[in-house]
Amino acid sequence: MSGSPQLAVGSRVRVRDDWPETRGRVHIRTPHYVRGRTGTVVRCLGDFPDPEQLAFARPARILPLYHVLFEQPQIWLEGCAGDQLLVEIYGSWLEPS
Amino acid sequence: MAGTVLRLEEVAGERLLRAVAALLAAKGIASPTEITEQIAMTDNASPAQGARMVARAWVDPQFRALMLSDGTRAAEMLGIPMRGAPPLGVLEDTPDLHHLIVCTLCSCYPRAVLGYPPFWYKSGAYRARAVRDPRGLLAEWGTVLDPGVRIRVVDSTADYRWMVLPLRPAETAKWNEDRLAALVRETDMIGVTLPRVAGD
């Protein structure tokens, strides 16, 4: 994956419903509560080395980092309509929705 | 093993520091200059730095615009050392939007401008509740939002560090920058509380 942003601001994206921690030792920065959930890209934050590889001192690919906005009540099935969660997510975890 | 630890503790701090610094330089990990800069950054980091930024943003619209577009550069403009620190992002509260900062994965915190995080910031309870029940959490802090204000919880999970530019209290309209800076607390800059004029 190249480092340049592929997802435009305003894109609807789905976080991959993936659980690498069930397959071995990993370092993951994508919170559990957004896996498989859909949100909106609000900001491209730039390119950063993949922490999943950096954590093991492996050569790290460069990934675009996005600020993704989720509706809070849809995640927890409780809460106040209009409240939101804003999470930094690497491009490797996002797919167009 | 216990004997090794004991001997290390007995080494004078200065000698140990010199030895470690020499090793880091020899291995090309960090130069003496970088170490000195990092020590200066850590020593200078405190909520007073972030409060200076907030106060300047409240009185200077140009600085405010810079701070919201590039927090790192804004901090540097006020002489806050940022070299080697993660990029700083600043999110602005508005009359209908309130930001709350958390790191659910660990304890990511804008240390360069706020210093060490408060102990509870790293607690499992704060991290879990901030994202799931932010209104319950704020209520326990005595933080009352106006009706209709939405909450945006910011989970610091990656390479940025985030701080909040809170709303300036209306009572401070005639205050100067120094007095404003003295008003702003660390908890105001992560959205757990709102800047409050004493006696309010």
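In what follows, chains are A, B, ... by sequence order, proteins preceding strands, each numbered from 1.
- For B/Leu105, the part sitting under 4.5 Å from any heavy atom of chain A is the side chain, from C-beta outward, and nothing else.
- A/Leu65 touches chain B through its side chain: at least one heavy atom from C-beta onward sits under 4.5 Å away, while N, CA, C and O do not.
- There is no contact between B/Leu100 and chain A, counting heavy-atom distances below 4.5 Å.
- Neither the backbone nor the side chain of A/Phe70 comes within contact range of chain B, judged by heavy atoms closer than 4.5 Å.
- Across every non-hydrogen atom of A/Arg29 and B/Ala158, the tightest pair is NH1-CA, 3.5 Å.
- Tracing side-chain contacts under 4.5 Å through hydrophobic residues (I, L, V, M, F, W, Y), one reaches A/Phe48 starting from A/Val42; they form part of the same cluster.
- Only the backbone of A/Ile28 comes within contact range of chain B, with heavy atoms under 4.5 Å apart.
- Of all the heavy atoms in A/Pro31 and B/Asp155, the pair that sits closest is CG-OD2, 3.6 Å.
- Using a 4.5 Å cut-off between side-chain heavy atoms of Ile, Leu, Val, Met, Phe, Trp and Tyr, with links allowed through other members, B/Val113 and B/Tyr116 fall into different hydrophobic clusters.
- In the hydrophobic clustering of this structure, B/Val192 does not group with B/Leu167; members are Ile, Leu, Val, Met, Phe, Trp, Tyr whose side-chain heavy atoms approach within less than 4.5 Å, directly or through other members.
- Interface remark: B/Arg132 contributes backbone and side-chain atoms alike to the contact with chain A (heavy atom separation under 4.5 Å).
- Contact count versus chain A (heavy atoms, under 4.5 Å) is highest, among B/Val149, B/Leu97, B/Val102, B/Asp159, for B/Asp159.
- Between the side chain of A/Glu88 and the backbone N or O of B/Tyr160 there is at least one donor-acceptor pair closer than 3.5 Å.
- For B/Thr157, the parts lying under 4.5 angstrom from a heavy atom of chain A are both the backbone and the side chain.
- A donor-acceptor pair under 3.5 Å is absent between the side-chain atoms of A/Gln84 and the main chain of B/Val153, judged by distance alone.
- Contacts of A/His32 with chain B are absent, with no heavy-atom separation under 4.5 Å from either backbone or side chain.
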**side-chain contact (heavy atoms from CB on, under 4.5 Å) evaluation trace for B/Thr104 with A/Tyr33** = CA-CA 10 Å; B/Thr104 58; A/Tyr33 63 83; 4.1 Å; yes
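- The cluster map of Ile, Leu, Val, Met, Phe, Trp and Tyr, joined by side-chain heavy atoms under 4.5 Å apart, puts B/Met163 and B/Trp141 in the same cluster.
- Linking Ile, Leu, Val, Met, Phe, Trp and Tyr residues whenever their side-chain heavy atoms come within less than 4.5 Å places B/Leu138 and B/Trp120 in a single cluster.
- At distances below 3.5 Å, not a single donor-acceptor pair connects side-chain atoms of B/Arg150 with backbone N or O atoms of A/Asp83.
- Residue B/Val131 is tested with A/Val87, A/Val34, A/Leu85 for a side chain to side chain contact (heavy atoms under 4.5 Å, CB included); the sole match is A/Leu85.
- In this structure, A/Gln72 and B/Ile151 have side chains that are not in contact, with every pair of non-hydrogen atoms separated by 4.5 Å or more.
- The distance from the CG atom of B/Leu91 to the CZ atom of A/Arg43 is 5.5 Å, given to the nearest 0.5 Å.
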